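A quick note: this is a predicted structure, and the numbers were derived from the prediction, not measured.
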Amino acid sequence: MPLIQLSADSYDFPPVDYALNDPNGLLALGGDLSPQRLINAYQNGIFPWFSPDDPILWWSPDPRAVLIPQQFHISRSMAKFIKKTPLSVTINQAFEQVISACSSERDEGTWIDLSIQQSYCQLHQQGIAHSVEVWHEGDLVGGLYGVEQGALFCGESMFSRQTNASKLALYAFCCHFLSYGGKLIDCQILNDHTESLGAMEIPRADYLQFLYKLQQESLPQACWTSQKLR
């Protein structure tokens, strides 16, 4: 099946069943990164991912990597770290700094260019995208960001400038998210790091069932209020 070019006149996406098997999940190209198109994408299990010199590419892989928050894996060394670390964690206190750090802290290069950063900052201003920050004596040393879909959180990227900082961000977020009724975290594509933290693969069809159900479970606004998590 040929790759579908998105229309500039519509925010609609083709059915995810049209996604390619190789590369896994590639669904469409083109369009834009407007908040309206991004929202429609996440509502249908689709996300953008592309290199700076490429057109905008849209993906819905099968299988899909997910993390059940209460199944976050804590090693013995990590448990000791969590207990003793002086690092503090906040939510929604430095979204622009977090997404900028996620862009710049990668040796292999990044797809999080300025257009991505600007678009997700707009989603943050609309209360749809959120960040978690890890601090050491006032300096940002780790964090993550993603997009809210009711009781499901679509994780986008994380970074770490100190050992275990991104793990601490995810651990603190899992605890916080669970306490407000959060059910599932989308990790998109499984890698060694997310698998070590408890992420697993499920069929795309199962992910979409979870997504459409959990979208309807609105969490209390207090979950996303700027605050200290630990």
Side-chain angles (χ1 to χ4, degrees), residues 24 47 49 61 63-95 97-112 129-149 151-204 206-207 210-211 214 219 223-224 227-230:
N24 178 21
F47 58 87
W49 183 32
R64 190 77 166 227
V66 297
L67 173 63
I68 300 171
Q70 56 265 48
Q71 294 182 5
F72 182 90
H73 178 257
I74 305 173
S75 65
R76 289 185 178 181
S77 60
M78 186 63 188
K80 292 179 181 178
F81 174 83
I82 292 170
K83 186 176 181 180
K84 296 181 178 180
T85 182
L87 301 181
S88 60
V89 185
T90 60
I91 187 169
N92 283 333
Q93 290 194 1
F95 186 91
Q97 288 176 256
V98 168
I99 194 171
S100 176
C102 286
S103 171
S104 62
E105 301 286 323
R106 294 182 180 278
D107 295 335
E108 71 275 16
T110 183
W111 65 279
I112 308 172
H130 305 284
S131 62
V132 177
E133 306 88 17
V134 180
W135 306 91
H136 181 245
E137 297 180 351
D139 293 326
L140 184 67
V141 296
L144 61 86
Y145 78 95
V147 176
E148 170 198 350
Q149 287 292 294
L152 186 150
F153 184 77
C154 301
E156 274 296 319
S157 186
M158 59 174 62
F159 79 99
S160 188
R161 293 171 178 163
Q162 282 192 16
T163 302
N164 289 330
S166 62
K167 290 182 182 179
L168 181 63
L170 184 55
Y171 166 75
F173 176 71
C174 284
C175 295
H176 177 74
F177 192 49
L178 269 173
S179 71
Y180 281 94
K183 302 286 178 58
L184 193 66
I185 297 174
D186 170 27
C187 302
Q188 298 179 346
I189 299 172
L190 193 67
N191 57 43
D192 291 341
H193 179 62
T194 54
E195 187 174 22
S196 72
L197 299 177
M200 60 183 177
E201 290 183 327
I202 63 174
R204 179 173 59 211
D206 291 353
Y207 171 76
F210 284 124
L211 173 65
L214 297 178
L219 301 190
C223 178
W224 308 113
Q227 61 193 282
K228 187 174 182 178
L229 301 186
R230 57 163 288 141

Tightest non-hydrogen contact, residues Glu133 and Leu140, listed as CB-CD1, 3.6 Å
Kindly give the heavy-atom pair with the smallest separation between Cys187 and Ala199, and that separation in Å.
-> SG-CB, 4.1 Å
Across all chains, not counting sequence neighbours, the side chain to side chain donor-acceptor pair (under 3.5 Å) partners of Trp49 are none
Heavy-atom nearest pair, Ala172 first then Val89, reads CB-CG1, 3.8 Å
For Ser196, check side-chain contact (heavy atoms from CB on, under 4.5 Å) against everything at least two apart and list the hits.
-> His193
Can you see which heavy atom on Asn92 is nearest to which on Ala129, and at what distance?
-> OD1-O, 4.3 Å
Set of residues satisfying side chain to side chain donor-acceptor pair (under 3.5 Å) with respect to Ser88, sequence neighbours excluded | none
Close side-chain approach of Phe47 to Pro61, heavy-atom, < 4.5 Å = yes
Sequence neighbours left out, what passes ring pair (Phe, Tyr, Trp, His ring centres under 6.0 Å) with Phe177? Give chain and number order.
-> Phe173
Taking atom CG of Leu67 and atom CG of Leu190, what is their separation to the nearest 0.5 Å?
-> 10.5 Å
What closest approach, in Å, do Ser131 and Ala94 show between heavy atoms, and which atom pair accounts for it?
-> OG-C, 4.0 Å
What residues form a side-chain contact (heavy atoms from CB on, under 4.5 Å) with Ile68, not counting sequence neighbours?
-> Gln70, Gln71, Leu184, Met200
Phe210 side chain reached by Ile202 side chain, heavy atoms, under 4.5 Å = yes
Which heavy atom of Gly143 sits nearest a heavy atom of Ala169, and at what distance?
-> CA-CB, 4.0 Å
For the residue pair Ile185 and Leu170, establish whether any side-chain heavy-atom pair is separated by less than 4.5 Å.
-> yes
Quick one: CD on Gln162 to OG1 on Thr85, what's the gap to the nearest 0.5 Å?
-> 7.5 Å
What residue pairs, at least two apart or across chains, pass ring-ring contact (aromatic ring centres under 6.0 Å, His included) with a residue in residues 64-93?
-> Phe72-Tyr171
Quick one: are Phe153 and Leu144 in side-chain contact, heavy atoms under 4.5 Å?
-> yes
In Å and rounded to the nearest 0.5 Å, what is the OG to CD1 distance from Ser104 to Ile99?
-> 11.0 Å
Applying side-chain hydrogen bond (donor to acceptor under 3.5 Å, both in side chains), which residue pairs with at least one partner in residues 182-191 are found, sequence neighbours left out?
-> Arg64-Asp186, Glu156-Gln188, Lys183-Glu217, Asp186-Tyr207, Asn191-Thr194
Sequence-distant partners of Glu201, side chain to side chain donor-acceptor pair (under 3.5 Å), two or more places apart = none
CG (Leu87) and CG (Asn164) are apart, to the nearest 0.5 Å, by 9.0 Å
Just how far is it from atom CG of Leu229 to atom SG of Cys175, taken to the nearest 0.5 Å?
-> 9.5 Å
Give, for atom CG of Asp192 and atom CG of Leu197, the distance between the pair rounded to the nearest 0.5 Å.
-> 11.0 Å
Residues in side chain to side chain donor-acceptor pair (under 3.5 Å) contact with Ser166, at least two apart in sequence or another chain | none
For the residue pair Leu168 and Arg230, establish whether any side-chain heavy-atom pair is separated by less than 4.5 Å.
-> yes
